[in-house]
*Asks:* 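What follows is a single structure, and I will ask about it in a moment.
Chain identifiers are assigned alphabetically (A, B, ...) following the order of the sequence lines, protein sequences preceding nucleic acid strands; residue numbering begins at 1 within each chain. This one's a predicted model, so the numbers in the text were calculated from it and none came from an experiment.
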There are 2 protein chains.
Amino acid sequence: MDIDAATREQLQNWEKELNAQYQRICEHELSLDITRGKPSADQLHLSDGLDGILNGEYRAADGTDTRNYGGLEGLMCARELGADILQVPVEEVIAGGNSSLTLMYCAVLTGYLFGYAGNKPWKELEAPKFLCPVPGYDRHFAICEQLGIGMVNVPMTDSGPDMDAVEALIEKDRDIIGIWCVPKFSNPTGVTYSAETVERLAQLGRIANPGFRIFWDNAYAIHDLDNQVNLANIRTATVENDTADSVIQFASTSKVTHAGAGLAFVSASSDNLASLKKQMQAMTIGPDKINQLRHARFFAEFTLLKEHMHKHAQILKPKFQCVLSHLEKAFKDSDLGEWENPLGGYFVSFNTRPGCAAAVVELAAQAGVKLTPAGATFPYGVDPEDRNIRIAPSFPPLDELDTAMSVFVLCVKLASVRKQLEML
Amino acid sequence: MDIDAATREQLQNWEKELNAQYQRICEHELSLDITRGKPSADQLHLSDGLDGILNGEYRAADGTDTRNYGGLEGLMCARELGADILQVPVEEVIAGGNSSLTLMYCAVLTGYLFGYAGNKPWKELEAPKFLCPVPGYDRHFAICEQLGIGMVNVPMTDSGPDMDAVEALIEKDRDIIGIWCVPKFSNPTGVTYSAETVERLAQLGRIANPGFRIFWDNAYAIHDLDNQVNLANIRTATVENDTADSVIQFASTSKVTHAGAGLAFVSASSDNLASLKKQMQAMTIGPDKINQLRHARFFAEFTLLKEHMHKHAQILKPKFQCVLSHLEKAFKDSDLGEWENPLGGYFVSFNTRPGCAAAVVELAAQAGVKLTPAGATFPYGVDPEDRNIRIAPSFPPLDELDTAMSVFVLCVKLASVRKQLEML
């Protein structure tokens, strides 16, 4: 299919044929869902040994009675797990509750209401704003939107955010006080930032507002499908550039153990952590240390965690292969769409021809296949070119995913042909 | 000892004698702590069956896979537990994570930044402020202080806050948008609000700013030492007064199961909950449902919870008796101090003669007995009369508590005599 070169008649024939296929699928009354990056039941099952692992022994190795109150920074053994995942010193890690999103919210709130490390609270700036590499993660954008922090789109490339654009924006606007980054297996494009990108990000602290912070959501730090993909260490890079205060890192075990009941981690310089802890201590006496102890026992050594992640990869790989082979088969050498081949993470990001994404999502919905709403991967839910669709292959069983992808590629074709007809 | 009637010489003799006793105690180099309302190891042990209770069955009765993401309101069976504790309809309850303080913070933040149920955000008022019955709970005050919400002291009586003062303040100041209440076994006085107080509180919604909210922290709802003390139902009272939006209730199992790893609950009208959920959904995908399921299984029936609380009472009662008998023996019929006899909760609140509390805490500290800092029970840490000291008997073993109380009463006597000498 070469849509740009097709005549009206050819397009009309395609539309008729594709629509007939589509109508037949609609009759099947499917009910499939590939919207969110949720682990499958098989994956969750890998961690079922967590409940009961304590065997009545609620004391941590350092003597802490995990059942009682206290310990805003979390248990030492849980902080060590976070330090291993993020590859940072343990004293720069806080181990929290079940949600890294909560830690991110607290971290944004801290900058917005109180300011980091003696800097002016962002709310006192005329128009505080975050740079948002797009497509990106809707829940990051929702935090900014709720707090009234502006968002500026920056394109994602295959080596991370477009750093020329990032630097130019920061140089000309002192009210840019943050950037959202998912540096490894980026949500949704699957891209891992190159070493050069990490280095250039680490240098931003030299030119940006001193209150500027990189929100480094390393959600997929150990979520490789095959060989380990290396991400340059942002902490090392900022320390070397004398910009250690410019980054706040996050990770979690949500896609390692149980998605709703894992541990979250935040890591930053001691000055940043001091600001953050001041906010957090008004909000909580401390995290659930019992669940932290469970995790520390479950992953008594980092090699156990690595082996555990390998089991996840074995379950996830066929699902990614399913999505990618559908896309390859349908769109290779066509002008109907573009995508990356992720080496890990939870998503495949697909770009339709301009102006087709919303129509694809709508067609799929009517055929019983639920996709992430078009635009969701952009601030304010607005994809300026209406192109991006996030595919989340992890949750459904393989046969359902296969069916859903058949519907997806058909909807892409049908929407593309119809769009072209409209424009002729 | 009748200090007011004593001569200088008599006071000097007392001082000498008490100081000699005090110096002997200091030589013992004690290290005792009666600062915070933490359950003892014996109490925590009552809930050790929680870990492992799931026996591999992670699905809730309604089919929810508790291991995965989702469900901002919490599991239905956990919400039911909260509804039983607060005696409210389950659809008005959200079951959260391990901290009711977090839910309170979110609830204050919602009012402050976004406003409840269409009302103006508090931050847009000239001088938003909370009424704070004093003495009260330091962590309540810390939330207001952090967000820059003003605090106005209102005296606690033996039937709750001085309602004449509350009503007068609210009538004359539209910027009063909240009041902190611990209605049963109040922290720290141990008082339970009378039915009349509850009724008058429920009527405040008629005269206050429409954005006004009562923060009803029912932390000790089921924490009776003996017979059940009845607290009038504030929800019923507000519904009858057509002021249902004026109250937000909180509870937790922190002092029921494991203090650091329990469940927290918030309950309010559907309009209030809608406002709160809007804030919360930017902050979390949902609470730890696995721990919620553990609790629901542990307390499969409300009677089990009642029996469990009876076991707590059996452990706590001798400790309260110890504190009270020390106070009785030392100060009955004296003018050295005042206290309530709490029928539940976690504290005994002691008022020294004016201007003595800080000195008592300092003397006790030097003798190796750590007390809650004087002033901690007041907004901004300032007790205008320097009188209140919160005693927390729950955590130390009985013999240590007994020793600590001997030191305490001695320090009260010594500080009182010294103060009187200063003033002569």
Side-chain angles (χ1 to χ4, degrees), chain A residues 36-41 43-45 47-56 58 65-71 97-99 101-102 104-106 109 113-114 139 142-148 254 257-262 278-279 281-294 395, chain B residues 36-41 43-45 47-56 58 65-71 97-99 101-102 104-106 109 113-114 139 142-148 254 257-262 278-279 281-294 395:
Chain A
R36 300 226 63 107
K38 290 163 77 166
S40 63
Q43 290 178 268
L44 296 168
H45 185 62
S47 304
D48 282 357
L50 275 167
D51 185 59
I53 197 172
L54 299 182
N55 207 11
Y58 287 92
D65 187 340
T66 60
R67 302 169 301 183
N68 223 325
Y69 286 117
N98 75 324
S99 168
L101 192 69
T102 299
M104 291 179 225
Y105 189 94
C106 290
L109 197 67
L113 290 181
F114 314 116
R139 291 187 187 271
I143 293 175
C144 283
E145 191 170 356
Q146 177 170 103
L147 295 174
S254 297
T257 58
H258 290 149
K278 208 170 154 189
Q279 183 276 325
Q281 78 184 3
M283 186 167 162
T284 181
I285 301 176
D288 178 345
K289 296 185 296 298
I290 295 181
N291 205 35
Q292 294 191 341
L293 187 60
R294 283 190 194 100
F395 188 68
Chain B
R36 299 225 64 106
K38 291 164 75 167
S40 64
Q43 289 178 268
L44 295 168
H45 185 63
S47 306
D48 282 358
L50 276 167
D51 184 59
I53 198 173
L54 299 182
N55 206 10
Y58 286 92
D65 186 341
T66 60
R67 303 169 300 182
N68 223 325
Y69 287 116
N98 74 326
S99 169
L101 193 69
T102 299
M104 289 179 226
Y105 189 93
C106 290
L109 197 68
L113 290 181
F114 314 116
R139 291 187 187 271
I143 294 175
C144 284
E145 192 170 356
Q146 177 170 103
L147 296 174
S254 296
T257 58
H258 291 146
K278 208 169 155 190
Q279 183 277 326
Q281 77 184 4
M283 187 168 162
T284 182
I285 302 175
D288 179 344
K289 296 184 296 298
I290 294 180
N291 206 35
Q292 294 191 340
L293 186 60
R294 283 191 196 101
F395 188 68

*Asks:* Side chain, backbone, both or neither: which part of A:Arg36 has an atom under 4.5 Å from a heavy atom of chain B?
*Replies:* neither
*Asks:* Sort B:Asp65 into side chain, backbone, both or neither according to what part of it lies under 4.5 angstrom from a heavy atom of chain A.
*Replies:* side chain
*Asks:* Which one, A:Ser47, A:Ala261, A:Gly52, leads in non-hydrogen pairs under 4.5 Å with chain B?
*Replies:* A:Gly52
*Asks:* Measuring heavy-atom distances to chain A, does B:Gln43 have an atom under 4.5 Å in its side chain, in its backbone, in both, or in neither?
*Replies:* neither
*Asks:* Measure distances from A:Asn55 to the heavy atoms of chain B and classify the residue's part below 4.5 Å as side chain, backbone, both or neither.
*Replies:* backbone
*Asks:* Under the side-chain contact (heavy atoms from CB on, under 4.5 Å) rule, collect the residues that match up with A:Tyr69, sequence neighbours excluded.
*Replies:* A:Ile285, B:Lys38, B:Pro39, B:Ser254, B:Lys255, B:Ala259
*Asks:* What pair of heavy atoms forms the shortest contact from A:Arg294 to A:Leu50, and how long is it?
*Replies:* CD-O, 3.4 Å
*Asks:* Not counting sequence neighbours, which residues clear side-chain contact (heavy atoms from CB on, under 4.5 Å) with B:Ser99? List them please.
*Replies:* A:Thr284, B:Leu101, B:Thr102
*Asks:* What part of B:Leu113 lies closer than 4.5 angstrom to a heavy atom of chain A: side chain, backbone, both or neither?
*Replies:* side chain
*Asks:* Considering only heavy atoms, which portion of B:Leu109 lies under 4.5 Å from any heavy atom of chain A: side chain, backbone, both, or neither?
*Replies:* side chain
*Asks:* Flag the one option from B:Leu147, B:Asp288, B:Asp51 with the top tally of heavy-atom pairs under 4.5 Å to chain A.
*Replies:* B:Asp51
*Asks:* Compare every heavy atom of B:Tyr58 with every heavy atom of B:Thr66, then report the nearest pair and how far apart it is.
*Replies:* OG1-O, 2.6 Å
*Asks:* Among B:Ile143, B:Ile53, B:Thr257, B:Leu54, who wins on heavy-atom pairs under 4.5 Å with chain A?
*Replies:* B:Leu54
*Asks:* Please classify the contact between A:Asn98 and chain B as side chain, backbone, both or neither, with a heavy-atom cut-off of under 4.5 Å.
*Replies:* side chain
*Asks:* Run the side chain to side chain contact (heavy atoms under 4.5 Å, CB included) check on A:Lys278 and A:Phe114 step by step: do they pass?
*Replies:* CA-CA 9 Å; A:Lys278 208 170 154 189; A:Phe114 314 116; over 6 Å; no
*Asks:* Between B:Pro287 and B:Gly71, which heavy-atom pair has the shortest distance, and what is it?
*Replies:* CD-O, 3.2 Å
*Asks:* State, to 0.1 Å, how close A:Met283 and B:Met283 come at their nearest heavy-atom pair, and which atoms those are.
*Replies:* CE-CE, 2.6 Å
